[in-house]
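Have a look at the structure below, then the notes.
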Amino acid sequence: MSIHINANPGDIAETILLPGDPLRAQYIAENFLEDARCYNQVRGMFGFTGTYKGQRISVQGTGMGVPSISIYVNELLREYGVKQLIRVGTCGGIQQDVKVRDVVMAMSATTDSSANQLLFPGFSFAPHADFDLLQRAYRASQERQLSVKVGNILTADTFYRESMEPVKKLAEYGVLAVEMESSALYTLAARYKAKALSILTVSDHLFSGETDTTAEERQTTFNDMIYVALEAAIQTS
Ligand SMILES: O=P(O)(O)O[C@H]1O[C@H](CO)[C@@H](O)[C@H]1O
Ligand SMILES: O=c1cc[nH]c(=O)[nH]1
């Protein structure tokens with residue numbers, strides 16, 4: 001047992017999917033995994049382990065923001081020996097051609113979080129995805145003919161902003177979308193020599209105001225993202 005995860009050693013698979021929302025973890029366990037068993041309910045942050053196409057996979061809610069995901073990922077890496085972590089989240093598009101319901105794969109994660117400035121004083125560490133995992137996920141997305149963008153994203157410490165100017169500036173430099181966890185996931189994976197990738201579904205657009213339309217469309221895109229994450233998880237390079 002770790003402080004925030006009530007699991008025994010061996011309860012959690014080496015490969016894990018990480019949605020921010022714990023109810024999304026439950027949805028994935030119920031709809032994509034076989035023989036799923038709940039191993040964590042501490043703080044309502046559900047974690048499940050089951051199998052996908054015969055391979056053991058876990059899914060764990062992380063909460064929102066760098067501090068919250070950092071707690072779960074630290075414990076998963078240090079106490080449970082997790083080796084491959086795939087975030088399955090939502091994001092806000094900031095490029096014209098990044099549309100609601102597109103899938104974004106975060107090759108790298110720019111951040112305004114101070115966490116890495118505390119860790120590397122005087123440096124701007126560049127948190128990035130595992131190349132092999134990214135290749136596998138991209139391949140799975142192309143086989144399913146999905147609309148996917150791959151590139152730099154922003155991991156932001158704030159959801160609500162007084163000014164959009166910093167986000168506009170990042171968009172000028174090609175940043176695709178905004179979310180709140182990936183830089184921490186990538187930095188911790190680097191520290192503990194694990195593979196990590198963030199796959200995100202665009203739920204809204206920060207400049208056009210476009211948002212999700214029907215719940216059914218939202219669910220379809222979400223299912224596509226989970227399928228890609230699971231296929232990437234079980235493929236070998
Ligand atoms: O849908 P999730 O995975 O929670 O991700 C996004 O949604 C939350 C904000 O609504 C933040 O956690 C952001 O990163
Ligand atoms: O962090 C997030 C997630 C979705 N949409 C946003 O605008 N921000």
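For ligands, and for the atoms within them, numbers begin at 1 and follow the listed sequence.
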Distance from [atom] to nearest protein heavy atom, with residue and atom:
| atom | value |
| --- | --- |
| atom 14 (O) of ligand 1 | E181 OE1, 2.6 Å |
| atom 7 (O) of ligand 1 | T90 OG1, 3.2 Å |
| atom 10 (O) of ligand 1 | F159 CE1, 3.5 Å |
| atom 5 (O) of ligand 1 | R87 NH2, 3.0 Å |
| atom 8 (C) of ligand 1 | M64 SD, 3.7 Å |
| atom 4 (O) of ligand 1 | G20 CA, 3.5 Å |

At less than 4.0 angstrom from any non-hydrogen atom of G89, what atoms of ligand 1 do you find? 3 (O)
Distance under 4.0 Å to a non-hydrogen atom of R24: what atoms of ligand 1 satisfy this?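 Close to R24: 1 (O), 2 (P), 3 (O).
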Would you say the ring centers of Y27 and F222 fall short of 6.0 Å from each other?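 Aromatic pair counts; centres sit under 6.0 Å.
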Is there a polar contact, in the sense of an N or O pair closer than 3.5 Å, between M180 and ligand 1?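 Yes: some nitrogen or oxygen of M180 is under 3.5 Å from one in ligand 1.
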Please confirm whether E179 comes within less than 3.5 Å of ligand 1 when only nitrogen or oxygen atoms on both sides are compared. no
Side chain or backbone of A156 under 4.0 Å from ligand 2, or both, or neither, by non-hydrogen atoms? neither
Where does the angle between the aromatic ring planes of H4 and Y72 fall among parallel (under 30°), tilted (30 to 60°) and perpendicular (over 60°)?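 If you compare the ring of H4 with that of Y72, the planes turn out perpendicular.
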Salt bridge R87-E181, side-chain N to carboxylate O under 4.0 Å: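 Judged by the 4.0 Å cut-off on N to carboxylate O distance, R87 and E181 do form a salt bridge.
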Should the pair E231-K53 be classified as a salt bridge under the 4.0 Å nitrogen-to-oxygen rule? yes
Can you name the atoms of ligand 2, numbered from 1 with element, that are less than 4.0 Å from a heavy atom of [X]?
| X | result |
| --- | --- |
| L206 | 7 (O) |
| V178 | 1 (O), 2 (C), 3 (C), 8 (N) |
| F159 | 1 (O), 2 (C), 6 (C), 8 (N) |
| D204 | 4 (C), 5 (N), 6 (C), 7 (O) |

Between [X] and [Y], do the side chains contain an N or O donor and an N or O acceptor separated by less than 3.5 Å?
| X | Y | answer |
| --- | --- | --- |
| T211 | D204 | no |
| T155 | T111 | no |
| E14 | Y80 | no |
| E79 | S2 | no |

Just distances here: any N/O of M180 and N/O of ligand 2 closer than 3.5 Å? no
Answer yes or no for R37 and F48: cation-pi contact, defined as NZ/CZ to six-membered ring centre under 6.0 Å and angle to ring axis within 45°.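 No, a cation-pi geometry is absent between R37 and F48.
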Out of D11, T49, N40, which one pairs with S58 under the side-chain hydrogen bond (donor to acceptor under 3.5 Å, both in side chains) rule?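 Only one of D11, T49, N40 forms a side-chain hydrogen bond (donor to acceptor under 3.5 Å, both in side chains) with S58, namely T49.
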